There are 2 protein chains.
Amino acid sequence: MNRLEIRRPDDFHAHVRQGPLLAQAVPMSNDFGRVLVMPNTVPHVLTAADAKAYREAIVDAGASFEPLMTISIAPSTTPEIVREASVHGVVAGKLYPDGVTTNSEGGVRDLADLEPVFRAMEECGLVLCLHGETPGVFVLDREAAFVETTLPWLVTSFPGLRIVLEHVTTAQAVDAVRAGPAHVGATITVHHLAITLDDVIGDRLEPHNFCKPVAKRPDDRAALVDAATSGDPAFFLGTDSAPHLQEAKECSGGAAGVFTAPLALAVLAEIFEARGALDRLEGFTSVHGADFYGLSPSEETVELVRHAWDVPASIDGLVPFRAGRTLGWQIVRDS
Amino acid sequence: MNRLEIRRPDDFHAHVRQGPLLAQAVPMSNDFGRVLVMPNTVPHVLTAADAKAYREAIVDAGASFEPLMTISIAPSTTPEIVREASVHGVVAGKLYPDGVTTNSEGGVRDLADLEPVFRAMEECGLVLCLHGETPGVFVLDREAAFVETTLPWLVTSFPGLRIVLEHVTTAQAVDAVRAGPAHVGATITVHHLAITLDDVIGDRLEPHNFCKPVAKRPDDRAALVDAATSGDPAFFLGTDSAPHLQEAKECSGGAAGVFTAPLALAVLAEIFEARGALDRLEGFTSVHGADFYGLSPSEETVELVRHAWDVPASIDGLVPFRAGRTLGWQIVRDS
């Protein structure tokens, strides 16, 4: 097969930034039809009003995608804030445990305090998006700790709450989502399907492959590829594309995040093809997530062609995933 | 206790570099009485003649320590090379499996080919120093693979060969050395006693804590601290201090290595004190290694005093371990 036409994909997890980076980052996601925009700006997007202002800034920055807005579930979040957000079109609340990733300091420490907030989300139909890592635990065990403790509590306590365990990185998380009820889904990033910890610290240090949660072991990656290519509707694409300026990555105290948005579909096509699962790519990128969020899959299509192209070393100061490598599939864009 | 006098320590594993870096790196190790100098320059130190020239360069660069010279055990090494090296005062041969760390490309692939070389080392009394990681294995499992396969083969095949498993990072390696015969020892670095993988990739990315082998889990670190502070003579100090210019660390494809030499003893004093084992510091730093190598422990002493001081952010373009932090012990140097 040398060309592939699929429904226009959605990205159910992306960072499009703010300030000077916004105008750079937003168009990088324009291959997607809808993008669930993360709220961990500085300050966070906390209310309907914040989300409205951020949405307008994103549209003004040249989005050809529909921004799906989120609010950050913070210690200050109330049921009223949730209801107001829902009324104004916010589709999800994002929960960052305290200090687990970029701009998550001051995050939630005790989930039980938020019970009324989760109830309100349940009632309004807001999806709960989870950065599923428990703070204070050894880095490689954080997701497992979250999956063993926090996730079961949320799933059991709020049976009507749709929950997305985001950017899963371990076989254990995949198993938990597979075994869980239908109201629990998971996003998988492009880079976690492609790399392991070997690509971060295995040879020389590669800051552009460093992200949270960090990539894990080869058998974890294999479980993620299995899940993504299985056709199981619980798993769908959320790139977690996270552009940072090169100097914020290549330094002492480098930022976490992998910048994948503009090459996400090309890399995915390679991964799915290697598994003989190109026929399941559309489900993962364009159908399962929409279904989970209660949206219609796109009526538009995108086309991928088999064409060798070199990923640039830098895109305006942002180093993309697979910089300098040759990819075998390319998305067709109107020039 | 506010001051501590111990025999002058030896560092049984350090990189003092070459070219422009040599003059910077050499004096950084001058707290030590003897320094076992690693041969992975470009090109490697392969022969007695190479070692002699390198030794002279080190002395000319201002060493107040005695350089203990090593040759690199390469595919080209012969028993004659070993004998010649031994005659000229080389004390150890260093084995780098192919591609496991800085400048180790083209290293040894099949150890069985080197059997005559190991026999010659056995006969001459050259110590075999091992970078104990198996190439091609997932990064966190490389030391375990080496300890399970290569190490037992060497220990069993060459019962008269003194073997040092260098910079051990796992509880498994500690156990193997503890359970092994007296001709097998291990060096432990300062940084592996102080950090885990959390300090490399747990929060933001810290390239100055990135080294080979990478720091492992908290229980691995605990096993290393147990071993170092236990008084077991099989364990002794080898800092693996590895200065790299800041720009070679803070980049895509950053170099492995932690630069600890000038603050090694201060950090060790803190670690041993925290374990209530200051009385065992001298054994670890100044006696066990000398005994293993058949050298007399130093008759000189160094003094450490309790004194808060700030580790500089940079020492002439080299970022030291614990840069910007305050340490509680300081070595007394003649000014």
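If you're wondering where the values come from, they're calculated on a predicted model, not measured in any experiment. Residue numbers start from 1 in every chain, and the chains themselves are labelled A, B, ... in the order their sequence lines are given, proteins ahead of strands. FYI, side chains are in, hydrogens and waters are out, and symmetry mates aren't considered; it's all heavy atoms of this structure.
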Any side-chain donor-acceptor pair under 3.5 Å between B/H191 and B/R322?
no
So which part of B/A255 gets closer than 4.5 Å to some heavy atom of chain A, the side chain, the backbone, both or neither?
both
Per-residue contact mode, B/N209 against chain A (heavy atom under 4.5 angstrom)
neither
In terms of heavy-atom contacts, A/G254 and B/R204 come closest through O-CB, 3.3 Å
Any ion pair linking B/K94 and B/E166 (charged N to carboxylate O, less than 4.0 Å)?
yes
A/H208, A/R217, A/Q246: which one forms the most heavy-atom pairs within less than 4.5 Å of chain B?
A/R217
Would you check if there is a donor-acceptor pair between the side chains of A/T170 and A/D220 at a distance under 3.5 Å?
no
Residue selection (most heavy-atom pairs with chain B, distance under 4.5 Å) from A/C251, A/S252, A/P218:
A/S252
Give, as side chain, backbone, both or neither, the part of B/F138 having an atom under 4.5 angstrom from any heavy atom of chain A.
both
Quick one: of B/T196, B/D141, B/V319, B/V139, who has the most non-hydrogen atom pairs under 4.5 Å with chain A?
B/V139
Report yes if the distance between the aromatic ring centroids of B/Y96 and B/H44 is under 6.0 Å, otherwise no.
yes
